[in-house]
Amino acid sequence: MKSKSLFLLLSIFLLVGFTHATKKKTQLEQLESKSIIGDFDGDKKADTLFEIHTSGEKDSIITEIPFIDDYDKTVDYYFKNSIRTSLKSSNKKIKELDLGTSFGVYCLINIGDNNNDKKDEIALVIDYCDFSNLNSCKIYTLCNNNWKMINHFSIHEAAFEYAEGEQLDPNIIGDYFKKKDGKWFYADALEVLESDDIIVKMKPLKIKKCNKL
């Protein structure tokens with residue numbers, strides 16, 4: 001009888017130990033948080049704009065998720081757990097910019113004041129939880145402490161691919177968005193695909209002021 005009891009206790013101990021070890025082996029993936037500094041509201045003071053990730057109905061801020069070595073399952077996890085990306089400012093007067101369910105942003109760029117309204121505009125590309133390589137660069141400006149999209153153009157996500165040991169310039173988007181002689185130029189990926197030209201033609205970026213939107 002004692003031997004049976006001892007065997008039962010030993011079995012329970014091993015099962016608990018195995019379960020505990022299995023839980024400890026769960027790998028976690030750190031979520032990246034990009035940030036930029038600029039005068040986005042025109043008060044002549046520098047603010048920090050940074051990327052945050054939230055989850056659930058209460059939008060609880062998260063910094064990591066379980067590591068999932070499968071793209072389809074990762075997409076399912078993000079939607080099932082309502083994981084969203086937002087841009088939050090160190091200036092509490094500036095409202096958050098909700099970017100929806102996504103893995104984050106490929107890039108977040110302060111492009112300076114391009115419409116002479118004494119405020120810096122931003123450019124960003126969202127890393128959507130989807131199955132398409134065609135994306136868009138969105139240009140935002142701050143209007144009465146609310147972010148407004150004032151321009152956008154198509155880009156291909158291959159612009160963010162790089163070889164091992166290579167580093168991407170965080171202030172450009174491949175051949176789609178660059179600064180030259182103090183001005184920003186862009187090329188629309190859809191127009192490039194539809195064109196027979198070998199050389200990509202870039203156009204100057206035009207940005208309207210808030211009162212012209």
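Keep in mind that this is a model prediction, so the values were computed, not measured.
- Under a 3.5 Å cut-off, the side chain of Asp41 and the backbone N or O of Asn145 do not form any donor-acceptor pair.
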For residues 176-184, dump all side-chain donor-acceptor pairs below 3.5 Å to protein atoms at least two apart in sequence or in another chain.
residue: Lys178; atom: NZ; partner: Asp175; partner atom: OD1; Å: 3.4
residue: Trp184; atom: NE1; partner: Ile111; partner atom: O; Å: 3.0

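- Qualifying salt bridge (Lys or Arg N to Asp or Glu O under 4.0 Å) partners for Asp59, counting only residues two or more places apart in sequence or in other chains: none.
- Inter-residue side-chain proximity for Ile65 and Tyr78 is flagged as met; some heavy-atom pair is nearer than 4.5 Å.
- Under the salt bridge (Lys or Arg N to Asp or Glu O under 4.0 Å) criterion, the residue pairs touching residues 87-96 are Lys88-Glu96, with sequence neighbours excluded.
- Partners of Glu191 under the side-chain hydrogen bond (donor to acceptor under 3.5 Å, both in side chains) rule, at least two apart in sequence or in another chain, are Lys203.
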For residues 44-51, dump all side-chain donor-acceptor pairs below 3.5 Å to protein atoms at least two apart in sequence or in another chain.
residue: Glu51; atom: OE1; partner: Lys34; partner atom: N; Å: 2.8
residue: Glu51; atom: OE2; partner: Val105; partner atom: N; Å: 3.1

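- Side chain of Asn114 to backbone of Gly112: a donor-acceptor contact under 3.5 angstrom is found.
- Thr54 is linked by a side-chain hydrogen bond (donor to acceptor under 3.5 Å, both in side chains) to nothing, counting only residues two or more places apart in sequence or in another chain.
- A distance of 11.5 Å separates CG of Asn151 from OG1 of Thr141, quoted to the nearest 0.5 Å.
- Within the 4.5 Å cutoff, no side-chain heavy atoms of Ile62 are placed close to those of Asn81.
- For the pair Asp113 (side chain) and Lys118 (backbone), a donor-acceptor distance under 3.5 Å is present.
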